[in-house]
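Hydrogens, waters and symmetry mates are skipped; everything else that's a heavy atom, side chains included, is used.
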Amino acid sequence: MALFKSAEEKAEAQAQKEQKLLERFGLQTLSNREDIESVQRIARELAGSGLSEFGALLSNNDTAMNRAQTQYTRAIMEQNFIIIRQLDRLASLLEEK
């Protein structure tokens, strides 16, 4: 087993994680590239916050906890933008009929 992965191996592993996340939440049928990228960005941010949150619990560090809360808030905001874009597309489709 190699200790260090190449850039391609890391990118492939990240892509697999993101695909599993889409499947886990039933989002593999998303067709809009912008929405897919937003979901992937949310996943990366939340995955990064897991370690800092764990470290904050061990050290009782308020700064780390505030950073984790900020990341969660940013993820919620991004999700709201996804919903807004989807609602706009639905409204456009309804106006066409």
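Contact of the Ile76 side chain with the Ile42 side chain is not registered, since no non-hydrogen atoms from C-beta on lie closer than 4.5 Å. In this structure the side chain of Arg85 reaches within 4.5 angstrom of the side chain of Ser38, judged on heavy atoms.
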Problem set entry | Residues Ile84, Gln79; criterion side-chain contact (heavy atoms from CB on, under 4.5 Å); working and verdict | CA-CA 9 Å; Ile84 291 167; Gln79 291 167 354; over 6 Å; no
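Cluster membership check: Ile83 does not share its hydrophobic cluster with Val39, using side-chain heavy-atom separations under 4.5 Å among Ile, Leu, Val, Met, Phe, Trp and Tyr. Hydrophobic clustering keeps Tyr72 apart from Phe81 (ILVMFWY residues linked when any side-chain heavy atoms are closer than 4.5 Å, directly or through intermediates).
Note on Arg74 versus Glu78: no salt bridge recorded, every NZ/NE/NH1/NH2 to OD/OE distance being 4.0 Å or above.
Note that CZ of Arg41 is 8.0 Å distant from CD1 of Ile82, once rounded to the nearest 0.5 Å.
Looking at Glu95, its side chain never comes within 3.5 Å of a backbone N or O of Ser92 through a donor-acceptor pair.
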